[in-house]
Amino acid sequence: MSDSRFTVERAGAADAAMLAPVFDAYRAFYGKTDDATAAERFLRDRLEQSESVVFIAVRSVAPASEPIGFTQLYPSFSSVSLCRAWILNDLFVSAPARSLGVGRALMRRAIAHCRETGAGQLWLQTDLTNTTAQRLYEAVGMTRKEILEYTLMV
């Protein structure tokens, strides 16, 4: 997928170093301590072990390319619906690129990936206060569900 201002590509393990700074900025957005080394290792491990799919938005800035956003999907299944599902676990666009349509392009690519892999569902969670993301998800056709979530940190 491409736009005159950026491209959206599937990332591989070799892209972990390039992706790490924007992934670490995403973590900082959620209040986590800066650790680009750990972020790169985490991404490389997921990609090398085929545990996730990452799409990265890249803007070409001579002489290199600059990552400006990404989304990470994890495979899952729905027992109730009897189908493959994907969990959109992460979506982030760097602040300077937020008005370029990067989030929408990443969402469209994630949805296309779901279709390409025969998935019946794409689901995600977001903070109740993240109304910008909620507008994006609804704009690409997602439906908000009212559920009660339980979490145990182990």
Euclidean distance, Met142 CE relative to Leu122 CG, rounded to 0.5 Å: 4.5 Å

Beyond-backbone contact of Leu47 with Ser52, side-chain heavy atoms, under 4.5 angstrom: yes

Val54/Arg46 under side chain to side chain contact (heavy atoms under 4.5 Å, CB included): CA gap, chis, key distance, verdict: CA-CA 9 Å; Val54 175; Arg46 299 297 70 73; over 6 Å; no

Extract all donor-acceptor atom pairs below 3.5 Å that involve side chains of residues 125-132 and protein atoms in other chains or at least two apart in sequence.
residue, atom, partner, partner atom, Å
Gln125, NE2, Glu149, OE1, 2.5
Asn130, OD1, Ala133, N, 3.2
Thr132, OG1, Arg135, NH2, 3.4

Within-4.5 Å side-chain heavy-atom neighbours: Arg59 and Val102: no

Closest contact, heavy atoms only, Ala17 versus Pro21: O-CD, 3.4 Å

Heavy-atom donor-acceptor pair, Thr71 side chain to Asp90 backbone, under 3.5 Å: yes

Minimum heavy-atom distance Gln121-Cys114, with the two atoms named: O-SG, 4.4 Å

Pairs where residues 17-26 contributes a residue and the test salt bridge (charged side-chain N to carboxylate O under 4.0 Å, His left out) is met, not counting sequence neighbours: Asp24-Arg27

Shortest non-hydrogen contact from Val8 toward Ala105: CG2-CB, 4.0 Å

Side-chain touch Ile56/Met18, heavy atoms, less than 4.5 angstrom: yes

Phe29 reachable from Leu19 in the ILVMFWY side-chain graph, under 4.5 Å edges: yes

In one Ile/Leu/Val/Met/Phe/Trp/Tyr side-chain cluster, 4.5 Å: Val140, Phe92: no

Parallel, tilted or perpendicular, as decided by the 30° and 60° cut-offs, for the rings of Tyr30 and Tyr26: perpendicular

From Tyr74 atom OH to Asn89 atom CG, the distance as rounded to the nearest 0.5 Å: 5.5 Å

Validation row: Met107, Leu88 side chains within 4.5 angstrom (heavy atoms): yes

All pairs passing ring pair (Phe, Tyr, Trp, His ring centres under 6.0 Å) where residues 106-147 contributes a residue, at least two apart: Phe55-His113, Trp86-His113

Contact summary for Ala36 and Ala20, nearest pair of heavy atoms: O-CB, 3.9 Å

Value rounded to 0.5 Å, distance of OG in Ser76 from CZ in Arg84: 9.5 Å

Leu73 reachable from Val93 in the ILVMFWY side-chain graph, under 4.5 Å edges: yes

Check: Arg10 side chain, Val53 main-chain N or O, donor-acceptor pair, under 3.5 Å: no

pair Glu9-Asp15: side-chain heavy atoms closer than 4.5 Å: no

Minimum heavy-atom distance between Arg104 and Ala139, given as atom pair plus value: NH2-CB, 3.6 Å

Lys/Arg N to Asp/Glu carboxylate O, Glu116 vs Arg109, below 4.0 Å: yes

Pro75 to Glu51 - nearest heavy-atom pair and separation: CD-O, 3.3 Å

Same cluster (ILVMFWY, side-chain, under 4.5 Å), Phe23 and Leu124: no

Rounded distance [0.5 Å steps], CG in Leu136 versus CG in Leu91: 6.5 Å

same_hphob_cluster(Phe42, Phe70) at 4.5 Å side-chain heavy-atom cutoff: yes

